Amino acid sequence: DDVARSADNDLLYARLIGTLVRREKLQPFDRDAVARVIEHSARRAEDAEKLSTHMQSLADLVREADYWAAQDKREVVTRADVERAIEAQIKRSDRLRERSHEAILRGILHIDTDGERVGQVNGLSVFQLGDFSFAQPSRITANTRLGDGELLDIQREVKLGGSIHSKGVLILASFLASRYAAEQPLSLGASLVFEQTYGQVEGDSASVAELCALLSSLANAPIRQSLAVTGSVDQFGRVQAIGAVNEKIEGYFDICNQRGLSGRQGVLIPASNVAHLMLRRDVVEAAAAGRFHIYAVETVDDALQLLTGIPVVTPDVDGTPPGGSLDQRVAQRLKHLAELRRKYAKKAEFASGGRHEHDDE
């Protein structure tokens with residue numbers, strides 16, 4: 001269903017477009033129009049290094065571009081005609097996207113795109129409607145307190161979380177325990193939730209965002225709401241590739257653009273997804289002008305440093321986090337919770353012993 005993108009295959013693809021044009025008796029395509037069709041084919045393949053070979057969608061695009069050229073009484077199909085055809089295809093399918101974005105812009109769905117919040121981060125969710133997919137930001141929050149090491153995934157508890165999403169939460173819980181509580185009890189109670197979601201949540205592409213929200217709450221370190229995060233995480237804190245990276249970036253860009261780009265907004269993506277970027281021209285232009293940013297991160301530490309502005313340094317050889325780091329703040333909070341748990345356990349043991357003595361008397 002796809003082929004590698006190379007100079008030779010680009011030429012073959014251009015010849016394929018020419019064959020379709022002649023077979024359908026359409027207007028000829030100029031060089032820029034052919035180039036735009038090839039770009040869109042890479043976008044459909046979700047990979048800058050591949051081209052989609054789905055012939056029906058290619059033929060539909062070529063025919064519709066010819067229609068728009070005829071409407072403008074042109075004898076040659078141009079890049080603008082191909083762009084118009086792509087936009088028209090999206091317009092016919094984007095009613096739900098418009099409604100969801102309107103809810104965010106009106107404040108019905110609470111999504112912050114500026115300021116800072118503790119334990120709150122913007123994740124990115126993708127919705128699939130037939131051949132059309134779109135993304136919108138989702139507010140992910142974390143709450144931490146004294147407990148016995150349980151990480152509560154509210155989506156899973158109410159059966160609104162799929163198995164892959166639950167797997168992602170369990171992996172981040174494993175990372176948290178192994179990194180900060182390898183030799184002491186994890187005296188933590190925590191809860192994670194996608195706020196204002198009323199349907200099934202599936203996939204692990206929000207696990208980096210969930211982990212950042214959790215560590216932000218533990219360290220009492222505010223997270224920049226101007227940034228959104230996508231990516232899954234493994235047990236060692238490495239950020240892993242996810243799907244629909246273009247739609248996710250564009251979904252957050254659309255909200256920020258309608259509110260007004262400040263130059264501080266952007267999206268964090270896995271470094272391994274860079275090869276898949278085939279973004280809309282307006283997003284590329286905003287990024288080139290410094291009005292919107294796309295950060296490629298390899299580890300959760302990279303993500304945390306961008307989100308909080310606080311250096312995140314891994315523990316020294318002896319396991320002690322360096323002073324002033326976010327790691328130190330998390331470790332100190334967990335140590336404090338462990339001491340509180342031991343204190344309450346002793347009080348409970350003493351109280352229990354006192355009652356037995358009274359009974360014996």
Side-chain angles (χ1 to χ4, degrees), residues 116-121 123 140-157 165-193 204-224 227 229-240 268 270 297-346:
E116 296 181 339
R117 300 285 187 278
V118 173
Q120 176 177 304
V121 67
I140 299 172
T141 60
N143 211 332
T144 55
R145 55 202 172 271
L146 179 63
D148 57 1
E150 181 184 13
L151 176 56
L152 181 68
D153 176 11
I154 293 176
Q155 308 293 142
R156 179 177 61 190
E157 292 298 313
H165 175 259
S166 297
K167 175 188 174 184
V169 173
L170 291 173
I171 288 173
L172 71 87
S174 173
F175 165 81
L176 184 70
S178 63
R179 180 160 176 172
Y180 297 105
E183 298 180 359
Q184 69 177 16
L186 186 61
S187 304
L188 165 74
S191 55
L192 287 165
V193 68
D204 62 353
S205 63
S207 54
V208 171
E210 291 171 319
L211 180 54
C212 289
L214 188 61
L215 292 174
S216 164
S217 178
L218 274 171
N220 195 32
I223 284 177
R224 293 170 56 191
L227 298 176
V229 186
T230 185
S232 70
V233 67
D234 68 11
Q235 292 192 94
F236 304 103
R238 292 187 294 250
V239 177
Q240 303 169 137
L268 279 61
V297 296
E298 294 184 349
T299 66
V300 69
D301 288 351
D302 296 337
L304 280 166
Q305 186 148 341
L306 284 165
L307 290 168
T308 65
I310 301 172
V312 184
V313 185
T314 53
D316 292 334
V317 176
D318 64 355
T320 305
S325 69
L326 191 137
D327 262 342
Q328 182 189 46
R329 292 168 66 164
V330 172
Q332 286 176 342
R333 175 80 189 285
L334 289 174
K335 181 180 179 181
H336 174 65
L337 292 175
E339 289 172 352
L340 283 177
R341 187 179 177 189
R342 283 193 291 269
K343 179 181 175 182
Y344 286 122
K346 287 180 180 178

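In this text, all values refer to a predicted model and were calculated from it rather than measured experimentally.
The two atoms that bring Arg145 and Ser191 nearest to each other are NH1-OG, 3.6 Å, heavy atoms only. Shown here for Ser325 and Ile310, the closest heavy-atom pair between the two residues is C-CG2, 4.4 Å. What you find for Gly123 and Ala209 is that their closest heavy atoms are CA-CB, 4.4 Å. For Val118 against Ala221, the heavy-atom pair with the smallest separation is CG2-C, 4.1 Å. Pairing each heavy atom of Val229 with each of Val121, the nearest pair is CG2-CG2, 3.9 Å. Listed here is the closest heavy atom pair of Leu337 and Ser187: CB-O, 3.3 Å.
No side-chain heavy atom of Tyr180 sits less than 4.5 Å from a side-chain heavy atom of Leu186. Looking at heavy atoms from C-beta onward, Ile223 lies out of side-chain contact with Gln120 at the 4.5 angstrom threshold. Residues Leu304 and Leu211 have side chains not in contact (no heavy-atom distance under 4.5 Å, counting atoms from C-beta outward). Side-chain contact between Phe175 and Leu214: absent, with no pair of heavy atoms (C-beta onward) separated by less than 4.5 Å. You'll find the side chain of Arg329 stays beyond 4.5 Å of the side chain of Thr308, heavy atoms only. At a threshold of 4.5 Å between non-hydrogen side-chain atoms, the residues Leu176 and Leu151 do not count as touching.
One finds the CG atom of Leu215 at 13.0 Å from the CG atom of Asn220 (value rounded to the nearest 0.5 Å). How far SG of Cys212 is from CG of Asp301: 9.0 Å, rounded to the nearest 0.5 Å. The line from CG of Leu170 to OG of Ser207 is 11.0 Å long, rounded to the nearest 0.5 Å.
Residue Gln305 places its CD atom among more than 12 non-hydrogen atoms of other residues, nucleotides or ligands, all under 6.0 Å distant.
Annotation: salt bridge (charged side-chain N to carboxylate O under 4.0 Å, His left out) contacts of Arg117 (sequence neighbours excluded): Asp112.
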Q: Let me see the working for Leu192 and Leu172 under side chain to side chain contact (heavy atoms under 4.5 Å, CB included), right down to the final yes or no.
A: CA-CA 11 Å; Leu192 287 165; Leu172 71 87; 4.2 Å; yes
Q.
Working note: Lys167 + Asp204, criterion side chain to side chain contact (heavy atoms under 4.5 Å, CB included); need CA distance, chi angles, decisive distance, verdict.
A. CA-CA 7 Å; Lys167 175 188 174 184; Asp204 62 353; 5.7 Å; no
Q) Passes side chain to side chain contact (heavy atoms under 4.5 Å, CB included), His165 versus Asp153? Steps please. A) CA-CA 9 Å; His165 175 259; Asp153 176 11; 3.3 Å; yes
Atom pairs and distances, side-chain donor-acceptor, residues 230-237, under 3.5 Å, sequence neighbours left out:
from, atom 1, to, atom 2, distance (Å)
Thr230, OG1, Lys248, NZ, 3.3
Ser232, OG, Gln240, NE2, 3.0
Asp234, OD1, Phe236, N, 2.9
Asp234, OD1, Gly237, N, 3.0
Asp234, OD1, Arg238, N, 2.8
Asp234, OD2, Arg238, NE, 2.9
Asp234, OD2, Arg238, NH2, 3.2
Gln235, OE1, Ser174, OG, 2.4

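Checked options Glu339, Arg333, Gln332; the residue passing with Lys335 is Glu339 (criterion: side chain to side chain contact (heavy atoms under 4.5 Å, CB included)).
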